[in-house]
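Contents: one structure, followed by commentary.
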Amino acid sequence: MSTLFVSDLDGTLLDRQGGLSDVSRRALERLLDRGVPFTVASARSVISMQSVLLDLPIRLPVVCFNGGFVSELHTGRHLHVFPLAQDAAQGAHRMATARGLSVMVSTHTPQGDRLYVPTAHTPGIALYVAARQSFGDPRLRLVDDASVGLREDVTCLTAIAMRTN
């Protein structure tokens with residue numbers, strides 16, 4: 001019987017800049033070359049995971065969006081989709097926006113994944129959008145009101161604020 005190793009990414013496997021250090025990369029390559037079962041589970045999307053892990057021979061499915069998807073890393077194909085209950089997604093969105101938060105809505109549709117981002121957003125979301133644009137993220141949809149995504153299968157709601165200290 002083999003032991004399965006699962007790692008988080010941000011704050012665990014990746015450095016403070018969101019990259020995989022050369023030391024970590026070499027260690028993972030040795031681990032994977034020996035056939036040790038390894039995968040990652042993260043709040044990130046599979047597209048974001050691909051930007052840092054795609055060149056590694058990770059053969060097992062990865063867990064994305066805190067369990068919203070189980071996906072193949074190399075193809076991005078979702079093996080399992082676990083959308084939020086519609087009333088829960090709508091309630092969480094209402095509570096967040098009532099507190100003045102700018103909320104992004106990630107969804108899964110038969111036509112593909114989507115990321116609805118309100119055009120009026122925080123500096124934190126602006127940095128996130130810039131990073132997504134630099135990777136050519138096909139999910140990105142800049143809209144006046146991201147709640148339009150609540151009509152689809154919601155897989156994640158995200159609000160990003162900047163530290164004030």
Original post:
Same cluster or not: are L9 and L73 linked, directly or through other Ile, Leu, Val, Met, Phe, Trp or Tyr residues, by side-chain heavy atoms under 4.5 angstrom apart?
Top reply: yes
Subject >> From CA spacing to verdict: side chain to side chain contact (heavy atoms under 4.5 Å, CB included), T3, V36 >> reply: CA-CA 8 Å; T3 300; V36 174; over 6 Å; no
Original post:
Roughly how far, to the nearest 0.5 Å, is CZ of R94 from OG of S147?
Top reply: 10.5 Å
Original post:
Are the side chains of P37 and L60 in touch, meaning some heavy atoms are under 4.5 Å apart?
Top reply: yes
Subject >> Minimum side-chain heavy-atom gap D145-V143 below 4.5 Å >> reply: no
Original post:
Within 45° of the six-membered ring axis of Y116 and under 6.0 Å from that ring's centre, is NZ or CZ of R114 located there?
Top reply: no
**OP:** Provide the closest heavy-atom pair for S134 versus A131 in the form atom of the first, atom of the second, distance.
**Re:** OG-O, 2.7 Å
Original post:
Same cluster or not: are Y128 and L142 linked, directly or through other Ile, Leu, Val, Met, Phe, Trp or Tyr residues, by side-chain heavy atoms under 4.5 angstrom apart?
Top reply: yes
Original post:
Considering all heavy atoms of both residues, which atom of R44 and which atom of S51 are nearest to each other, and what is their separation?
Top reply: NH1-OG, 4.4 Å
Original post:
For the hydrophobic clusters of this structure (ILVMFWY residues joined by side-chain heavy atoms under 4.5 Å, transitively), does one cluster hold both V103 and V154?
Top reply: yes
Original post:
Which heavy-atom pair separates H74 from I58 by the least distance, and what is that distance?
Top reply: CE1-O, 3.0 Å
Original post:
Are any of the side-chain heavy atoms of V129 and L140 separated by less than 4.5 Å?
Top reply: yes
**OP:** Under the side chain to side chain contact (heavy atoms under 4.5 Å, CB included) rule, what do L53 and V40 come out as? Steps first, then yes or no, please.
**Re:** CA-CA 10 Å; L53 301 174; V40 295; 3.9 Å; yes
**OP:** Indicate the atoms forming the closest heavy-atom contact of L32 with F38, along with that distance.
**Re:** CD2-CB, 3.8 Å
Original post:
Parallel under 30°, tilted from 30 to 60°, perpendicular over 60°: which one fits the rings of F69 and H78?
Top reply: parallel
**OP:** For the pair L56 and L20, evaluate side chain to side chain contact (heavy atoms under 4.5 Å, CB included) and give the outcome as yes or no after the intermediate values.
**Re:** CA-CA 11 Å; L56 291 170; L20 189 61; 3.7 Å; yes
Original post:
Considering only heavy atoms from C-beta outward, does the side chain of T97 approach that of L101 to under 4.5 Å?
Top reply: no
Original post:
Judged by modelled atom types alone, do S21 and S24 share a side-chain donor-acceptor pair under 3.5 Å?
Top reply: yes
**OP:** Answer yes or no: does atom CG of D33 have more than 12 heavy-atom neighbours from other residues, nucleotides or ligands under 6.0 Å?
**Re:** yes
**OP:** Verify whether one side chain among H108 and D153 offers a donor that lies under 3.5 Å from an acceptor in the other.
**Re:** no
**OP:** Answer whether the closest heavy-atom distance between the side chains of L79 and E72 falls below 4.5 Å.
**Re:** yes
Original post:
Do the side chain of T12 and the main chain of S7 share a donor and acceptor less than 3.5 angstrom apart?
Top reply: no
Original post:
What are the two closest non-hydrogen atoms of L157 and A89, and how far apart are they?
Top reply: CD1-O, 3.5 Å
Original post:
Side-chain heavy atoms under 4.5 angstrom apart, residues restricted to Ile, Leu, Val, Met, Phe, Trp, Tyr: same cluster for L54 and V46?
Top reply: no
**OP:** For the pair D15 (side chain) and G19 (backbone), establish whether a donor and an acceptor sit closer than 3.5 Å, ignoring hydrogens and angles.
**Re:** yes
Original post:
Rounded to the nearest 0.5 Å, what separation is found between the CD1 atom of I125 and the CE atom of M104?
Top reply: 4.5 Å
Original post:
With a 4.5 Å limit on heavy-atom distance, are the side chains of V117 and V105 in contact?
Top reply: no
Original post:
Under a 4.5 Å cut-off applied to non-hydrogen side-chain atoms, are R132 and S48 in contact?
Top reply: yes
**OP:** Measure the CZ-CD distance between F135 and Q50 for me, rounded to the nearest 0.5 Å.
**Re:** 11.0 Å
Original post:
Does T107 have any side chain to side chain donor-acceptor pair (under 3.5 Å) partners at least two apart in sequence or in another chain, and if so, which?
Top reply: E152
Original post:
What is the distance from atom SG of C64 to atom CE of M49, rounded to the nearest 0.5 Å?
Top reply: 4.0 Å
Original post:
Looking at CZ of R139 and CG of D113, how far apart are the two atoms once the value is rounded to the nearest 0.5 Å?
Top reply: 7.0 Å
Original post:
Can you name the nearest heavy-atom pair linking V52 to D55, along with the distance?
Top reply: O-OD1, 4.2 Å
Subject >> Nearest-0.5 Å distance that lies between atom CE in M95 and atom CZ in R99 >> reply: 5.5 Å
Original post:
Is the side chain of T75 donor-acceptor paired with the backbone N or O of R77 at a distance under 3.5 Å, no angle test?
Top reply: yes
**OP:** State yes or no: do V148 and L150 share one hydrophobic cluster built from I, L, V, M, F, W and Y residues joined by side-chain heavy-atom distances below 4.5 Å, directly or via other members?
**Re:** yes
